[in-house]
Amino acid sequence: MLRPNYTSVSEFIFIGFSNFPQQLMPVFFVVILLMYLFTLLGNLLIMATIWSERSLHTPMYLFLCALSISEILYTLSFIPRMLVDLLSTHRSIAFLACANQMFFSFMFGFTHSLLLTIMGYDRYVAICHPLHYNVLMSPRGCAFLVAGSWAGGSAVGLVVTTSIFHLPFCGPNQIQHFLCHVPPMLKLACGRNVPAVALGVGMVCITALLGCFLLILLSYAFIVAAILKIPSAEGRHKAFSTCASHLIVVIVHYGFASVIYLKPKGPHLEEGDTLMATTYTVLTPFLSPIIFSLRNKELKNAINKAFFRKFCSSNT
């Protein structure tokens, strides 16, 4: 699939943090490590709660559990390497390891976007078509949707990675980033096919992300229209509260993504680009379990029931 013999480059060097003072590297390491550990523990707590509480064995929480798995695997694909590089003076990565990192980060990242889209569809069916919910969201149908999201994420990751790493890399080999990401990799590629590959990869990524975002917007357009038809204020509040946590995560996810990918590029913005990329790749997964556990009342009560009360009773 990948052809490293097409290139004279056998390894790449990350220089995304090279423009920062060396004294800040331990600070970055501690902050990112704590956020990463909290991301892992938060998502594992959500998964364990959904698994242990039978009242949460519903399609909405099945999708949330799949979302937590995708976030854990997404951060696992690059943050451990990033932490090692922060304390290292030689931040190199082998050619094949770089390709693997790009594939898995794109695979789990786009799986995450597809799962957010499915969760929006789930809320649309629950609010707009409650009588058909059990039929449309049957266990077999939910499994098909989750499997489809993983297959879709894998397809995007495979297309992007093979397209980039079939290009020849003639040197230099310094990546202006802390992971193997498409834009800095394209700057290192050479040959006549680079503009065509850049256009094709860009179209695939934009189509996938924009398609997911538009489907979510469409779902919430129907949801808002249905909620406004509910006569009582309490009924409207109850219906919207089931969507609040998902909507906030969507805003955070696509908000940070738009700031990174739509902001103007410049030759003197490397430090800002690195910090903004860190907010999207590290901060967004960090915030997601916090939002779901605090804004979702049913999940919050289940966490208190399943873990914190047992912990308090065992101590007493």
Side-chain angles (χ1 to χ4, degrees), residues 43 46-47 49-50 53-71 110-153 206-258 284 287-304:
N43 282 298
I46 289 174
M47 292 165 57
T49 303
I50 294 173
E53 291 295 316
R54 295 187 62 85
S55 61
L56 299 182
H57 292 181
T58 62
M60 180 175 71
Y61 293 105
L62 167 68
F63 298 141
L64 179 56
C65 189
L67 190 75
S68 294
I69 294 173
S70 71
E71 283 193 342
F110 277 94
T111 299
H112 185 274
S113 296
L114 290 168
L115 286 170
L116 285 176
T117 307
I118 292 172
M119 293 175 74
Y121 173 71
D122 171 75
R123 293 298 83 206
Y124 158 74
V125 175
I127 293 175
C128 299
H129 303 283
L131 298 179
H132 300 97
Y133 184 80
N134 291 332
V135 176
L136 295 175
M137 288 295 169
S138 63
R140 184 176 180 180
C142 293
F144 178 79
L145 289 172
V146 172
S149 67
W150 284 94
I206 292 174
T207 301
L209 285 176
L210 192 59
C212 291
F213 183 63
L214 291 177
L215 287 174
I216 293 173
L217 284 182
L218 184 63
S219 296
Y220 274 100
F222 286 112
I223 288 171
V224 170
I227 290 176
L228 292 177
K229 294 178 181 178
I230 299 176
S232 67
E234 182 181 356
R236 290 193 296 269
H237 175 75
K238 184 177 180 180
F240 185 75
S241 64
T242 63
C243 310
S245 57
H246 173 257
L247 185 58
I248 294 173
V249 169
V250 168
I251 292 172
V252 170
H253 177 76
Y254 284 97
F256 280 122
S258 62
T284 302
L287 292 175
S288 181
I290 297 176
I291 295 170
F292 277 115
S293 59
L294 294 181
R295 293 293 304 176
N296 189 306
K297 186 177 180 180
E298 190 175 10
L299 179 62
K300 183 179 178 180
N301 292 336
I303 291 175
N304 289 332

Student: Among residues at least two apart in sequence or on other chains, which ones pass side chain to side chain contact (heavy atoms under 4.5 Å, CB included) with Val224?
Tutor: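 Per chain and number, Val224 pairs via side chain to side chain contact (heavy atoms under 4.5 Å, CB included) with Leu228.
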Student: According to side chain to side chain donor-acceptor pair (under 3.5 Å), who are the partners of His237, at least two apart in sequence or on a separate chain?
Tutor: none
Student: Only counting residues at least two apart or in another chain, list the ones meeting side chain to side chain contact (heavy atoms under 4.5 Å, CB included) with Leu214.
Tutor: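 So Leu214 forms a side chain to side chain contact (heavy atoms under 4.5 Å, CB included) with Leu210, Leu217.
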Student: What are the two closest heavy atoms between Cys142 and Pro59, and how far apart are they?
Tutor: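 Heavy atoms of Cys142 and Pro59 come nearest at SG-CB, 3.5 Å.
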Student: Tell me every residue that passes ring-ring contact (aromatic ring centres under 6.0 Å, His included) with His246, counting only those two or more places apart in sequence or in another chain.
Tutor: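 If we apply the ring-ring contact (aromatic ring centres under 6.0 Å, His included) test to His246, skipping adjacent residues, the hits are Tyr220.
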Student: Identify, with sequence neighbours excluded, every residue that meets side chain to side chain donor-acceptor pair (under 3.5 Å) alongside Tyr124.
Tutor: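 In terms of side chain to side chain donor-acceptor pair (under 3.5 Å), with neighbours along the sequence ignored, Tyr124 is linked to His129.
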Student: Does Ala151 have any side chain to side chain contact (heavy atoms under 4.5 Å, CB included) partners at least two apart in sequence or in another chain, and if so, which?
Tutor: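 Scan of Ala151 (side chain to side chain contact (heavy atoms under 4.5 Å, CB included), adjacent residues dropped) gives none.
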Student: Rounded to the nearest 0.5 Å, how far apart are CG of Leu67 and OG1 of Thr111?
Tutor: 10.5 Å
Student: For Ser288, which residues count as a side chain to side chain donor-acceptor pair (under 3.5 Å) partner, sequence neighbours excluded?
Tutor: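 Applying side chain to side chain donor-acceptor pair (under 3.5 Å) to Ser288 gives Glu71.
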Student: Check ring-ring contact (aromatic ring centres under 6.0 Å, His included) between Tyr133 and all other residues, then give those that pass, not counting sequence neighbours.
Tutor: none
Student: Not counting sequence neighbours, which residues clear side chain to side chain donor-acceptor pair (under 3.5 Å) with Ser149? List them please.
Tutor: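 Scan of Ser149 (side chain to side chain donor-acceptor pair (under 3.5 Å), adjacent residues dropped) gives none.
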Student: Please list, chain by chain and in numerical order, all residues satisfying ring-ring contact (aromatic ring centres under 6.0 Å, His included) with Tyr254, sequence neighbours excluded.
Tutor: Phe213
Student: What's the separation between atom CZ in Phe63 and atom CG in Leu116, rounded to the nearest 0.5 Å?
Tutor: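 Answer rounded to 0.5 Å: 12.0 Å.
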Student: When rounded to the nearest 0.5 angstrom, what is the spacing between OG1 in Thr284 and NE2 in His112?
Tutor: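 These two atoms lie 8.5 Å from each other.
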Student: For residues 59-69, which residue pairs pass the side chain to side chain donor-acceptor pair (under 3.5 Å) check, not counting sequence neighbours?
Tutor: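 Only Asn43-Ser68, Tyr61-Asn296, Tyr61-Glu298 qualify under side chain to side chain donor-acceptor pair (under 3.5 Å).
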Student: The criterion is side chain to side chain contact (heavy atoms under 4.5 Å, CB included); which residues satisfy it with Leu215, sequence neighbours excluded?
Tutor: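 Here the qualifying residues are Thr117.
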Student: Minimum heavy-atom separation for Ser70 to Leu115, with atom names?
Tutor: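 Here Ser70 and Leu115 meet closest at OG-CD1, 3.9 Å.
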Student: Can you confirm whether Leu64 sits close enough to Leu56 that some side-chain heavy atom of one is under 4.5 Å from a side-chain heavy atom of the other?
Tutor: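 Result no, sub-4.5 Å side-chain heavy-atom pair not found.
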Student: Can you measure from CE (Met60) to CD1 (Ile50) and round to the nearest 0.5 angstrom?
Tutor: 9.0 Å
